[in-house]
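As the structure lists them, so they are numbered: ligands from 1, and atoms in each ligand from 1.
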Amino acid sequence: MKLTVLGNNGPYPKPGGACSGYLFETDDKKILIDCGNGVLSRLLKICSISDIDIIILTHLHSDHISDIMVMKYAIGVNKMKGKCNVTIPLYTPTDDYEMVKRLNYNNSFNIIPIEEDTIINLDDIEITFRRMKHPIKTFAVKIRKGKKTFVYSSDTSYNKSLIDFSKNADLLLCESGLLEEDREDNAPHLSAKQAGEIGKKAGVKRLILTHFWPEYNLERVKIEASQSFDSILEISQEMKTYYI
Ligand SMILES: [Zn+2]
Ligand SMILES: [Zn+2]
């Protein structure tokens, strides 16, 4: 299994950067998790849209969904021209009905709601979800195949549920939107220190941080997280592939 980071900024990109988007691949399946601004052009360097088996949107904030708004044209317009006949299953929270309606164009996507008990089985891959603490309905994602487990936090404040959900994961991709000095009590994101604490309490083998504030010095983010996490810790890099 491998994971390519297509974009790792939030809630807006640094110059030349992109917001949240991750391509998860096995030998024969491709899963796109989140599709923020800048993600589609990066994805197209790796594969074509029709190679994607499913799309998961963890929540409906713009930095996680913006490029769905143009991917729908890439599929929908080409369908009209008879050049394409795919309809990609797209899993997302569907509470915001007006927003969900805007995600689709000419049946580019088959939109399927995510709830906490949703389980997706794709051959021998199992995907499950856990509600996180964020201003809108947001889900962390767990992907299991054989003995390997990958967890992505999506966006969240500190919560025990993420620790339980990530227990003993081979890889936790965890948001680290803040430095501790900038974190207010009700902040909707984790500080690097908190991300490290979650990784440690969950006993994950490897922690990769993501969702970086565009102005941050990432060396500082890594140093802060390493104060609470003592196993393998990395700062995600755009267009880098990580093997699980
Ligand atoms: Zn975000
Ligand atoms: Zn968010």
Test Asp230 against Lys200 for salt bridge (Lys or Arg N to Asp or Glu O under 4.0 Å), laying out the working first. CA-CA 7 Å; Asp230 47 17; Lys200 185 175 174 67; 3.3 Å; yes
Tell me, which N, O or S atom in His61 is closest to the Zn ion (ligand 2)? ND1
Using a cut-off of strictly less than 2.8 Å, determine whether His211 has an N/O/S atom near the Zn ion (ligand 1). yes
In His59, the N/O/S atom nearest the Zn ion (ligand 2) carries the name NE2
How is the N/O/S atom of Asp63 that comes nearest to the Zn ion (ligand 1) named? OD2
Backbone N or O of Cys19 within a donor-acceptor pair of the Asp63 side chain at under 3.5 Å? no
Of all N, O or S atoms in His134, which has the smallest distance to the Zn ion (ligand 2)? NE2
Are His61 and Asp155 close enough that a side-chain donor and a side-chain acceptor fall under 3.5 Å? no
Please check: side-chain N/O of Asp164 versus main-chain N/O of Leu162, any donor-acceptor pairing under 3.5 Å? no
So, does Asn104 use its side chain to make a donor-acceptor pair with the main chain of Phe109 at under 3.5 Å? yes
Does Lys142 make a cation-pi contact with Phe165 (under 6.0 Å, within 45 degrees of the axis)? yes
With a cut-off of 2.8 Å, does any N, O or S atom of His189 fall short of it relative to the Zn ion (ligand 1)? no
Check His64 and report its N/O/S atom nearest to the Zn ion (ligand 1), by atom name. NE2
Can you tell me which N/O/S atom of Asp155 has the shortest distance to the Zn ion (ligand 2)? OD2
